[in-house]
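Data first, discussion second: the structure below is written as structure tokens.
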Amino acid sequence: MCTFDQISHLIPPDFYTAYEKVMATHQKEKKDLQTVLEQMVSVIQMGTPAYQEEKSNFLSPVIQAIVHAKSLEVTYHTQSRNVTTTSVLDPYYLIPRDHRFYLIAFCREKNKFLTFRMSRFLDVKQTGETFEKKELNFKDYFNHTWSIIKGSDKIHFKVLFNKNIARYIKEEELFVKPKLTEREDGSQLFEVTLNHDREFLQWVMQYGTDAEIIEPVEFRERNERDA
């Protein structure tokens, strides 16, 4: 086997100059990208849960890991079960929802894609490992999901919004495609099929008496009891 010294005289002198230029450009591009990421993160403001002290929001390492397909070791607190776990994640997408950021990532331990609330990360470390991205259809992943919570139900809602707010309902920026039917009196019938109810009902309730749940009947009756 030949050593580099034995064949170095066969390499044209211009090769070294060209190589240095390419590497210099590459390093500059990496530095420029890092600067852009830092500037982007600096203008994004995130809140802190009441139970936590002020801390890093981990946006910068997460965005870098997504861009460079690098795995992350994260420590995550699940508030509903009051459990803290450490997992290795392959990060794919950051999603803004209701003044929060969520991360869609492939969890090595669970062997499936999961959604993580960024404010529940207690620690984030880069593992140094790269990963090959799997096929993930974003629309399919959130199919029939109102916002973030994914369920296994198929609930068809019909909500009637009165004419005072019908025009505002048309302007709502939603993650699902509803069927809208305008009535002669100016009211709006809103129909959508969802896999979970909680986030949708919270959205409907903000409109108070201007929104009437028509179907399903059990949700209509529950809403009347809570009114």
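On a predicted model such as this, the values are computed, not experimentally measured, just so you know.
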Which atom pairs, one a donor and one an acceptor, fall under 3.5 Å between side chains of residues 168-181 and the rest of the protein, sequence neighbours left out?
| unit_1 | atom_1 | unit_2 | atom_2 | d |
| --- | --- | --- | --- | --- |
| K170 | NZ | E182 | OE1 | 3.1 |
| E172 | OE2 | W203 | NE1 | 3.3 |
| E172 | OE2 | Y207 | OH | 2.3 |

With F142, the side chain to side chain contact (heavy atoms under 4.5 Å, CB included) member among N195, I104, N137: I104

Contacts of D210 that satisfy salt bridge (charged side-chain N to carboxylate O under 4.0 Å, His left out) - sequence neighbours left out: none

Heavy-atom closest contact (D197 atom, F157 atom, distance): CB-CZ, 4.0 Å

Charged tip of K134 within 45° of F106 ring normal and under 6.0 Å: yes

side-chain contact (heavy atoms from CB on, under 4.5 Å) evaluation trace for V88 with E129: CA-CA 10 Å; V88 176; E129 297 180 33; 5.8 Å; no

Note: K163-D185 ion pair, threshold 4.0 Å (strictly below): no

Smallest separation among heavy atoms of R108 and S71, with atom names: NH2-OG, 2.7 Å

Distance (rounded to the nearest 0.5 Å) between T145 OG1 and K150 NZ: 4.5 Å

Expected output: side-chain E199 to main-chain I149 donor-acceptor under 3.5 Å: yes

Distance-only polar pair, side chains of T115 and Y141, donor-acceptor under 3.5 Å: yes

Minimum heavy-atom distance L122-F58, with the two atoms named: O-CZ, 3.5 Å

Pair E215-H156, side chain to side chain donor-acceptor pair (under 3.5 Å): steps then yes or no: CA-CA 7 Å; E215 294 180 8; H156 187 74; 5.8 Å; no

Single-linkage hydrophobic cluster I95~F121, side-chain heavy atoms < 4.5 angstrom: no

Test log, rule ring pair (Phe, Tyr, Trp, His ring centres under 6.0 Å), inputs Y93 and F138: CA-CA 9 Å; Y93 297 105; F138 188 79; 5.4 Å; yes

